[in-house]
There are 2 protein chains.
Amino acid sequence: MVKCDVMSSVTPQLAGSGQSGEIAPSMSSSSPTFSPLYQQIKALITASLESGEWKPGEMIPSEIELAARYKVSQGTVRKAIDEMAADNLLVRRQGKGTFVATHHEERVEFRFLRLVSDDGELGPPESHFIEVKRTRAPNEVARLLGLKPSDSVVYIRRVQRFDGIPVIVEDLWLPGLLFKGLTAERLAQYKGPMYGLFETEFGTRMIRATESLRAVSASADTAALLEIAQGTPLLSVERVSYTYGDKPVEVRHGQYLTKHHHYLNALN
Amino acid sequence: MVKCDVMSSVTPQLAGSGQSGEIAPSMSSSSPTFSPLYQQIKALITASLESGEWKPGEMIPSEIELAARYKVSQGTVRKAIDEMAADNLLVRRQGKGTFVATHHEERVEFRFLRLVSDDGELGPPESHFIEVKRTRAPNEVARLLGLKPSDSVVYIRRVQRFDGIPVIVEDLWLPGLLFKGLTAERLAQYKGPMYGLFETEFGTRMIRATESLRAVSASADTAALLEIAQGTPLLSVERVSYTYGDKPVEVRHGQYLTKHHHYLNALN
DNA sequence: AAGTGGTCTAGACCACTTT
DNA sequence: AAGTGGTCTAGACCACTTC
């Protein structure tokens, strides 16, 4: 087998017009930052997801097609897709195809909201929006989102009820640039998790998040919203959500009343 | 290629004396519970881990050896090991071999203790054991551990300090049968995480856990141990840890003072 | 029947570690 | 040089879904 030459890392040789007969699966010498073929394929597929070539819920080309497109073997494409499926970026369905993960259908209700009722099930929450406005980013939020304090953000405050009982008070900040038409009306109309709205209406898909948890005392206004006594212990959850390319696109501060609910976590 | 017949699931055909020339990678008809070869290999490797054939920290046979032993291809062994490495049961080291995961060396300090300081790093905690005794399992603990209320358990209460400041009060319950020689002295002598002690001294390795988190108010005695005011909000963490075969072997109730620390969680 | 992902094999070669 | 895991390929066949 004849082998050709080598490349850099992220948008490498096998993307372009591709008249080279074959691809070097590895390199023999003097390549600065080498990465395996399947990781390059991952990067290319991710780029197509990011660019919107394949949208959430849609099917991506079959492994055989992708292998032809990238001029690699099906096994290499397979390994790339395997890892992206493990990262919840893609969903494989035997006999049907491989699909772009979406916040609809998917039970995000447990990937991004880990709260469960003490006695088993948990119905869908009802959202009540207290406030939706555009403002300048608070310093801490600007820092977390990689914005300047003068930049515009959308600020949202809402209360979520389970079975009619208020359980969650949340404050959210979103980059103003990415969420231009976001209004209280559109939020109120939308059924289901906000991430579904963000994905379909604003083209921003949250793919992972980090959370900092602590116990705090309810302030006067939080207590009022949750209809509890001031000073009640609450579970404070500070979340930063990221979209493709590890770009932070949401800061969310939740306060959970854990009297009849708890936050479930798995350590694997 | 000639194919032979089929099997059940967990201790299947390819374990035994093995004079059959080949193994059926799939089956054509009338097999009740079929599972792929690589999953059967996973089960066999797991059984060897469980039986202590390969101990934590030790190297397991090479892929080639295992392939010969189980009479499958190296690729099939590889897939089995890949998944077990993803589950943190095994650790691959290129050029060296595949090793049984261990609570030593490994930074369990972040797999099983998610608490971090608000300002960066977190030194190793010092443990102070308040109480270690054998008793009958409380009802709830017995239920979680799959014991009878009359069964014996080891009960431990300890306080953990970071930089000299008390941050964690923990109550633990362990099955008495599995932890026969566990005394306050051995606990106090041991350096490092308790899971290391459990693994090397008692042959019980924790491989995963589930946690329920909530915010609570410090009781009088907890407050005294943490040197804080009664009623201070604390992060309550109820953990159940499991060893091989999803067998529950520890119930741990932690109360974390989150004034200068927080619990970090990643949603992927 | 055709197309998709899922499993399994056999072999080549590479990169890393140890001898 | 030898042994280990890591990557890549090519091909076979299976299981599931849809037409």
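- You'll find that the side chain of Ser73(B) is closest to dC8(C), out of dT17(D), dC8(C), dT4(D).
- For Asp82(A) and dT7(D), the CG to C1' distance is 14 Å, given to the nearest whole Å.
- A side-chain donor-acceptor contact under 3.5 Å links Ser48(A) and Glu53(A).
- Here dT7(C) presents its C1' atom at 7 Å from NZ of Lys79(B), a figure rounded to the nearest Å.
- At dG6(C), one or more side-chain N or O atoms of Arg92(A) fall inside 4.0 Å of OP1 or OP2 (strictly under the cut-off).
- Checking dA15(D) for Watson-Crick or G-U wobble geometry (two distances, each under 3.5 Å) identifies dT4(C) as its partner.
- For Leu37(A), the side-chain atoms get nearest to dT9(D) when compared with the rest of dT9(D), dT4(C), dT4(D).
- Computed from coordinates, the Tyr70(B) OH to dC8(C) P distance equals 15 Å when rounded to whole Å.
- Comparing Gly95(A) and Tyr38(A), the nucleotide of DNA chain D nearest to each residue sits closer to the 5' end for Tyr38(A).
- In this model, the phosphate group of dT4(D) is not approached by any side-chain N or O of Thr98(B) to a distance below 4.0 Å at OP1 or OP2.
- Phosphate contact (OP1/OP2 of dT4(C), side-chain N/O of Ser62(A), threshold under 4.0 Å): present.
- No contact: Gln39(B) has no heavy atom under 4.0 Å from any strand.
- A salt bridge is defined here as a Lys NZ or Arg NE, NH1 or NH2 lying under 4.0 Å from an Asp or Glu carboxylate O, and Arg208(A) with Asp87(A) fails to meet this definition.
- A cation-pi arrangement is present between Arg93(A) and Phe99(A) under the rule of less than 6.0 angstrom and at most 45 degrees off the ring axis.
- Taking atom CZ of Arg78(A) as the reference point, atom C1' of dG11(D) lies 14 Å away to the nearest angstrom.
- In this structure, the side chains of Leu187(A) and Met194(A) come closer than 4.5 Å at one or more pairs of heavy atoms.
- Ranking dT17(C), dC8(D), dG5(D) by closeness to the Lys96(B) side chain, first place goes to dT17(C).
- The listed nucleotides are dT4(D), dT7(D), dT9(C); the one nearest the side chain of Val72(B) is dT9(C).
- Atom P of nucleotide dC8(C) and atom CD of Gln74(A) are separated by 16 Å, given to the nearest angstrom.
- A salt bridge does not link Lys55(A) to Glu50(A): none of the charged nitrogens lies less than 4.0 Å from a carboxylate oxygen.
- Both Glu63(B) and Gln94(A) sit near DNA chain D, but only Glu63(B) has its closest nucleotide nearer the 5' end.
- Counting to the nearest Å, the C1' atom of dG5(C) and the CD1 atom of Ile64(A) are 9 Å from each other.
- Rounded to whole Å, the distance from CG on Leu66(B) to P on dG5(D) is 8 Å.
- Atom CD1 of Ile41(B) and atom P of dT7(C) are 14 Å apart (whole Å).
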